[in-house]
Protein chains: 2
Amino acid sequence: MNTYTYEEISIGHKESFRVIVTEADRDKFREITGDINPLHNDIEYAKSMGHERCVAFGMLTASYLSTLAGVYLPGRNSLIQKTEVNFRKPVYVGDELTITGEVTDKSDTFNVITVKVEIINQDNVKVCKGKMEIAVQKEG
Amino acid sequence: MNTYTYEEISIGHKESFRVIVTEADRDKFREITGDINPLHNDIEYAKSMGHERCVAFGMLTASYLSTLAGVYLPGRNSLIQKTEVNFRKPVYVGDELTITGEVTDKSDTFNVITVKVEIINQDNVKVCKGKMEIAVQKEG
């Protein structure tokens, strides 16, 4: 886990990591949220809506922003204040995603960094883009 | 699960549901995301940062937007296009949250509804506010 302080982070700083969206992840996300929408686990329904496979929950893809902030950028001292996520293309169970964050702004008054987020799949298709504002806390 | 069509939804339409954020939910979210930040499971660290209990992942609270769209508003025909979430106060493991969505706009060209989201805890404190744009699909 990274432990960047506010001062150690510059505009342009990038961090990246990869995940594979597994069936187990999809099932755990449904258990947490109670979102039983059939698009995510009924292949016949997913096909009737124009998909070859079950679509992963959009907010499951968004949940990797938690990891981006809490483990990578800034890591340990992270406190997310705001997120924006645009879902551009479907993510399917089995996809391998690369999540990248880049610092685009710093607010010295509140020790808040702005991070632009891009998520691409194994075919280099941008499935998701977003933005976070993250307070970088001082350890107590 | 609701099955509202685009035509059945009016501006002002509200849906609401409750969840309790359990330790099991917190643990499953960590397993899915790999977000091992100690704020969420190390009580001593959480206390050193000014909290009485472990803080739930912000993006775990945000994940209930999946349920709001996919089960309640519009339900089955939901496809989330965009989300914005502002985290205003910490959510702790054990909190009971009420998630409320209200339709504030409709875009007839793309069958997209705009939903304002509020999440309050058991003490009536607004912990989170947000916005979603959700396409209401026609069944194939």
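Chain letters run A, B, ... following the sequence lines, proteins first, then strands; residues in each count from 1. Side-chain atoms are counted along with the backbone in the values below, which use heavy atoms only and exclude waters and symmetry mates.
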- Item | Other residues, nucleotides, ligands: >12 heavy atoms within 6.0 Å of K106(A) NZ | yes
- If you count heavy-atom pairs under 4.5 Å between each of M59(A), R76(A), E31(A), E84(A) and chain B, which one has the most? R76(A)
- Note: vs chain B, highest number of non-hydrogen pairs under 4.5 angstrom among S66(A), G70(A), G34(A), G50(A) is S66(A)
- Query: With a 4.5 angstrom heavy-atom cut-off, which part of V19(B) approaches chain A: side chain, backbone, both or neither?
  - Reply: neither
- F87(B) reachable from I120(B) in the ILVMFWY side-chain graph, under 4.5 Å edges: no
- Message: Test side chain to side chain contact (heavy atoms under 4.5 Å, CB included) on I80(B) and F57(A); report intermediate values, then the result.
- Response: CA-CA 9 Å; I80(B) 302 174; F57(A) 299 89; over 6 Å; no
- Message: Assigning hydrophobic clusters by single linkage (Ile, Leu, Val, Met, Phe, Trp, Tyr; side-chain heavy-atom cutoff under 4.5 Å), is V115(B) placed with I99(B)?
- Response: yes
- Look up atom CG in N86(B) and atom CD in E133(A), then write down how far apart they are to the nearest 0.5 Å. 8.0 Å
- Note on the structure: Applying a strict 4.5 Å limit to non-hydrogen atoms, the region of L68(A) in contact with chain B is neither
- Task: Taking atom NZ of K131(B) as the centre, report whether more than 12 heavy atoms of other residues, nucleotides or ligands fall under 6.0 Å from it.
- Result: no
- Query: With no hydrogens and no angle check, is any side-chain donor or acceptor of D35(B) less than 3.5 Å from a backbone partner on Y64(A)?
  - Reply: no
- Query: Do you know which of D25(A), T83(A), T22(A) has the most heavy-atom pairs with chain B at a distance under 4.5 angstrom?
  - Reply: T83(A)
- Can you tell me how far CG of N77(B) sits from CG of N37(A), rounded to the nearest 0.5 angstrom? 8.5 Å
- Quick one: do T33(B) and V71(A) satisfy side chain to side chain contact (heavy atoms under 4.5 Å, CB included)? Show the steps, please. CA-CA 10 Å; T33(B) 60; V71(A) 177; over 6 Å; no
- Give a yes or no on whether Y92(A) and V127(A) share a hydrophobic cluster (residues Ile, Leu, Val, Met, Phe, Trp, Tyr; joining criterion: side-chain heavy atoms under 4.5 Å apart). no
- Message: To check you understand the geometry: which heavy-atom pair defines the closest contact between L39(A) and S78(B), and what is its length?
- Response: CD2-O, 4.4 Å
- Report, as yes or no, whether the 6.0 Å neighbourhood of atom CD on E52(A) holds more than 12 heavy atoms from other residues, nucleotides or ligands. no
- Task: Let me know if Y45(A) has heavy atoms under 4.5 Å from chain B in its side chain, its backbone, both or neither.
- Result: side chain
- Message: Tell me whether I9(B) shares a hydrophobic cluster with Y6(B), the cluster being built from Ile, Leu, Val, Met, Phe, Trp, Tyr side chains joined at under 4.5 Å.
- Response: yes
- Verify same cluster id: L79(B), V117(B) (apolar side-chain graph, 4.5 Å): no
- Message: So which atom in K138(A) and which in M49(B) form the shortest heavy-atom distance, rounded to 0.1 Å?
- Response: O-CE, 3.6 Å
- Message: Looking at every non-hydrogen atom in both residues, tell me the closest pair between I36(A) and M1(B) and how far apart they are.
- Response: O-CE, 3.5 Å
